Amino acid sequence: MHTPGDDIGIFLAVCDAGRFAGAATRLHLSPSAVAKAIARLEARLGVRLFARSTRRLALTDEGAIYAETCRQARAEIDRTEGMLRALHSTPAGLLRISLPPLFGAEVIAPALFSLTDDWPLLQLQIDTSTQRSDLIGAGIDFAVRIGAPPPLAGITARRIGTQRVMLCASADYVAARGVPRKLADLGAHRLIAMPQGLPWQFSAQDHVETLLPAGPLHLDGSLLTRAAIMAGHGIGMVPAWLMRDALAARQVVAVLPEALTGDLPIYALWPTQSAILPRLRVVIDAVSAVTKARGFAAT
């Protein structure tokens, strides 16, 4: 495709047409404009590209070498331009994603895996982390984090849901030890603590009460806490979605569900940009859809 000032494009058109006049007609230029473009190229290169006579126009040896190189370069440019246009019209290319370990693996990642079936040119590089890292500095294109993020320059944060938490104990545990009916009752029970020293929070009539659980087990992460709860080792706090099936099967019992607070917002984060590329758009839409479908209403 010829653009104004594209002397190489004019040169290739002359090669194809075999005449200045034929190239001029094809490019909607005057024959003199075509001749001047060829003269500029020859002056810049210091060689004659065409052997001219009154009856014919032929490439010189140098012109033939230059024409082949120009054709290869133009084909590569056209291929690259087509690829870049595709990136703005269909989900394609690489997107680097960071997810929280458990929630990401169990809830978010399956929806992202399916995107690569729908969009063959899309590539997803997914890792797991809870760190509030510098997305731009770390080269991350999209992240999901649990908990409200601090204001970050150059980062768009969209709330996509809420992770509700619950206290629970196994059916065998409460059969042996009873179900706590009020906050004070927890003092008589085995409580599964978190090593970060995070307190449990309960809503009272006009204030929030906190309890720092202390017991023989200090477990790092919800999977370990769930395993201890299911094995009957005490009362622990876990994401409610993680116990949904066990609760429905009556393997566990919710403890003080009306009083417990501490639900956490779920946010999607990405570097702010003037126009969202299709590969990022489909990921944002998929994450928003799966959190809605799984009951993580953004409230």
Side-chain angles (χ1 to χ4, degrees), residues 99-109 128-132 144-149 159-267 290-291 293-299:
L99 304 176
L102 181 58
F103 182 77
E106 296 291 331
V107 177
I108 302 297
T128 57
S129 175
T130 58
Q131 299 299 313
R132 308 286 180 178
V144 173
R145 292 291 183 261
I146 297 175
R159 185 167 180 174
I160 57 173
T162 300
Q163 177 167 271
R164 294 175 175 82
V165 295
M166 68 179 297
L167 285 180
C168 57
S170 71
D172 291 341
Y173 177 89
V174 297
R177 303 285 295 270
V179 180
R181 301 298 179 186
K182 56 184 182 295
L183 181 57
D185 293 343
L186 290 175
H189 286 268
R190 289 169 57 95
L191 307 181
I192 300 170
M194 294 176 283
Q196 300 95 330
L198 297 176
W200 296 349
Q201 296 183 335
F202 301 87
S203 58
Q205 291 183 346
D206 57 357
H207 65 283
V208 173
E209 295 188 20
T210 60
L211 172 66
L212 189 61
L217 293 177
H218 295 248
L219 305 181
D220 185 12
S222 297
L223 283 179
L224 283 173
T225 303
R226 180 178 68 172
I229 291 170
M230 298 297 294
H233 291 293
I235 299 171
M237 181 165 40
V238 289
W241 64 268
L242 192 59
M243 284 298 191
R244 187 172 297 163
D245 292 342
L247 196 63
R250 299 186 178 180
Q251 296 172 311
V252 298
V253 174
V255 174
L256 301 174
E258 301 302 323
L260 183 68
T261 64
D263 296 341
L264 295 172
I266 305 167
Y267 277 85
V290 74
T291 52
R294 293 288 296 270
F296 300 93
T299 58

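We're numbering straight along the sequence, starting at 1. Here the structure is a predicted model, which is why all the values come from computation and not from measurement.
Contact check for L211 versus L191: side-chain heavy atoms found under the 4.5 Å cut-off. With contacts defined as side-chain heavy-atom distances shorter than 4.5 Å, the pair H189/R177 qualifies. Using a 4.5 Å heavy-atom threshold, the side chains of F202 and L167 count as touching. Proximity of M230 to S170: side-chain heavy atoms (C-beta onward) are nowhere separated by under 4.5 Å.
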Next item on the list: Starting from the C-alpha separation in whole Å, work towards a yes-or-no answer on side-chain contact (heavy atoms from CB on, under 4.5 Å) for L102 and V107.
Entry: CA-CA 8 Å; L102 181 58; V107 177; over 6 Å; no
Next item on the list: Assess whether side-chain contact (heavy atoms from CB on, under 4.5 Å) is satisfied between R294 and E106, documenting all intermediate values.
Entry: CA-CA 11 Å; R294 293 288 296 270; E106 296 291 331; 5.7 Å; no
Notebook entry, point to check: side-chain contact (heavy atoms from CB on, under 4.5 Å) between L242 and M166: does it pass, once the steps are laid out?
Noted result: CA-CA 10 Å; L242 192 59; M166 68 179 297; over 6 Å; no
Note to self: Go through it in stages, so that I can follow the logic: the residues are I229 and I235, the test is side-chain contact (heavy atoms from CB on, under 4.5 Å), and I'd like the CA-CA distance, side-chain angles, deciding distance and then a yes or no.
What the structure shows: CA-CA 6 Å; I229 291 170; I235 299 171; over 6 Å; no
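Side chain of D263 to main chain of V165: a donor-acceptor pair is present (N/O by atom type, distance under 3.5 Å, no hydrogens or angles). In this structure a side-chain-to-backbone donor-acceptor pair under 3.5 Å is missing from R190 to G232. Put simply, the side chain of S222 never gets that close to the backbone of V238: no donor and acceptor are under 3.5 Å apart.
The CG atom of L183 sits 8.5 Å away from atom CG of D185, with the distance rounded to the nearest 0.5 Å. Here OG1 of T291 is found 6.5 Å from CZ of F103. Values are rounded to the nearest 0.5 Å. Rounding to the nearest 0.5 Å places OG1 of T162 at 6.5 Å from CD1 of I266. Summarising the geometry, atom CZ belonging to R164 is positioned 14.5 Å from atom CH2 belonging to W241; distances are rounded to the nearest 0.5 Å. C168 contributes atom SG, which lies 12.0 Å from atom CG of L256 (distance to the nearest 0.5 angstrom). The OG1 atom of T210 lies 7.0 Å from the CD atom of Q201; values are rounded to the nearest 0.5 Å.
Heavy-atom minimum distance, M237 versus T225: O-CG2, 3.8 Å. Nearest heavy-atom pair across R145 and S129 is NH1-O, 3.3 Å. Of all non-hydrogen atoms in L217 and A228, the two that sit nearest each other are CD1-CB, 4.1 Å. L264 and G147 make their closest contact through CB-N, 4.3 Å (heavy atoms, listed as atom of the first residue, atom of the second, distance). Of all the heavy atoms in A171 and V253, the pair that sits closest is CA-CG2, 4.5 Å. Minimum interatomic distance between P149 and Y267 (heavy atoms only, all atoms of both residues): CD-CD1, 3.4 Å.
No donor-acceptor contact under 3.5 angstrom links the side chains of Y173 and H233, judged on distance only.
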